[in-house]
Novice: 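Quick one: the structure is below, questions incoming.
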Amino acid sequence: MAEEISFDQARERIDELKVLLDKYSHEYYVLDQPTIPDEEYDQLYRELVELEEKYPTLVQNDSPTQRVGGSLLEGFEKVQHDIPMLSLDNAFSKEELQDFDRKVSQILEDQPYTYHCELKMDGLAVSLKYENGKFKQAVTRGNGSEGENVTANVKTIRSIPLSLKEPLTLEARGEIYMPKSSFIALNQQREEQGEAVFANPRNAAAGTIRNLDPKVTASRNLSVFLYSLAQLDGKEVQSQSEALALLDDLGLKTNPERRVFESIDEVWDFVEEYQEKRTELPYEIDGIVIKVNELDNQEKAGFTVKAPRWAIAYKFPAEEAET
Ligand SMILES: NC(=O)c1cnc(N)c2cc(Br)sc12
């Protein structure tokens, strides 16, 4: 029997365990570079559960044990986005990318600019809000102006930290997705249980996020890639590449397959590179997102009614159905 531990000793140990478990969780789920065996993580986690059971008043809202809520959800309340979640104009050829570049060059009146290229995830778009560094709310894109509050389900996604490495208030946006391997395993399980299978990982992720039981969501191994900062208090960034570097520094998960280029021809090389590589990636992508990198240039370019003038999505040709 473990010797009796006092309230103050328990509080100290709970704080230590939270720091350790957050660190190991970041290494495993965000960096994909675990430094301890799973058994050691599980042992620390069990110790935290026991201490919190012994002293319930010491349970913190952002404790790793608080990810999966107990109760079934009634539904999803509607939430207005402070800033609309717009879609992107599409390009389907190198010539259309060159047209886009000519327009950007004209709008920026030949001021220097660079392009930030990122993978276009095939998942579901989500907005994450943190207040003073604490995870507060997750909302789906919905119709762009209004989405659904999916906080309880998103809280179960281990690659989404419940607290940031700095106490900042911000809104980060990205894509929730289901890795290909998890999609295959889930469909096998559903087939064995005589349930309808999901058509693709995007539908599986969307169906999982819209499930009314957070325990089901927690069991489905969803992940996230964040790709934009919609709001940021108390810090300044000058470019998209700096914004993503800040997300990394705060402990948020971003996609590492990204690069800055000076010309649309180099962008096209990147597009062709990933059109080849996409089948080897552990998640589905359906194109490349190309953004003017400098935020002052983005501001100068502005938006049309439905999309930014400073970004475009190159869509890969639909993959031949695997025979
Ligand atoms: N990297 C990105 O910006 C990105 C990736 N994947 C996506 N499905 C989307 C959608 C918009 Br809108 S942006 C974006």
Side-chain angles (χ1 to χ4, degrees), residues 30 81-92 97 100 104 114-128 138-147 154 157 159-160 170-180 183 200-206 209 222-232 237 239-248 252-261 267 270-271 273-275 277-278 281-295 297-298 301-316 318-319:
V30 176
H81 295 298
D82 304 338
I83 299 169
M85 289 181 74
L86 296 178
S87 53
L88 293 172
D89 286 334
N90 292 326
F92 297 93
L97 283 187
F100 164 71
V104 166
T114 57
Y115 284 123
H116 193 268
C117 290
E118 303 166 23
L119 304 188
K120 187 170 183 303
M121 305 303 306
D122 197 3
L124 76 148
V126 70
S127 154
L128 304 182
V139 182
T140 62
R141 178 182 180 283
N143 63 13
S145 307
E146 181 184 85
V154 167
I157 301 175
S159 54
I160 293 178
L170 60 85
E171 178 187 352
R173 293 173 172 183
E175 204 86 359
I176 287 174
Y177 69 94
M178 185 178 289
K180 289 175 185 171
F183 167 68
N200 52 53
R202 173 171 36 80
N203 289 7
I209 280 294
L222 292 179
S223 192
V224 71
F225 284 123
L226 295 162
Y227 48 66
S228 92
L229 259 177
Q231 299 178 66
L232 174 62
V237 289
S239 67
Q240 172 67 2
S241 38
E242 276 181 36
L244 296 192
L246 174 61
L247 294 180
D248 290 337
L252 289 164
K253 187 173 177 210
T254 64
N255 189 294
E257 316 289 339
R258 58 187 193 244
R259 279 214 287 284
V260 177
F261 296 112
V267 167
F270 185 86
V271 164
E273 179 185 348
Y274 279 91
Q275 190 153 335
K277 278 185 180 173
R278 68 190 288 207
L281 294 170
Y283 45 80
E284 288 209 338
I285 62 171
D286 61 355
I288 301 294
V289 176
I290 299 123
K291 304 172 184 176
V292 170
N293 192 30
E294 301 75 22
L295 296 197
N297 285 334
Q298 290 185 9
F303 296 80
T304 65
V305 167
K306 66 180 179 64
R309 289 196 189 89
W310 43 267
I312 197 158
Y314 174 82
K315 303 279 285 197
F316 293 137
E319 273 182 314

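Order of listing sets the numbers, starting from 1, for every ligand and every atom in it.
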Novice: Could you check whether any side-chain heavy atom of Leu170 comes within less than 4.5 Å of a side-chain heavy atom of Gln231, counting everything from C-beta outward?
Specialist: no

Novice: Does Arg278 have any salt bridge (Lys or Arg N to Asp or Glu O under 4.0 Å) partners at least two apart in sequence or in another chain, and if so, which?
Specialist: none

Novice: Tell me whether the rings of Tyr283 and Phe225 are parallel (<30°), tilted (30 to 60°) or perpendicular (>60°).
Specialist: perpendicular

Novice: Would you please write out the protein residues whose heavy atoms approach any atom of ligand 1 to under 4.0 angstrom, listed by chain and number?
Specialist: Leu86, Leu88, Glu118, Leu119, Lys120, Met121, Glu175, Tyr227, Val289, Lys291

Novice: Should the ring pair Phe270 and Tyr274 be called parallel, tilted or perpendicular, given that the plane angle runs from 0 to 90° and is split at 30 and 60?
Specialist: tilted

Novice: Are Arg202 and Glu284 ion-paired here, with the side-chain N under 4.0 Å from a carboxylate O?
Specialist: no

Novice: Evaluate the side-chain proximity of Ile160 to Lys253: yes if any heavy-atom separation is below 4.5 Å, no if none is.
Specialist: no

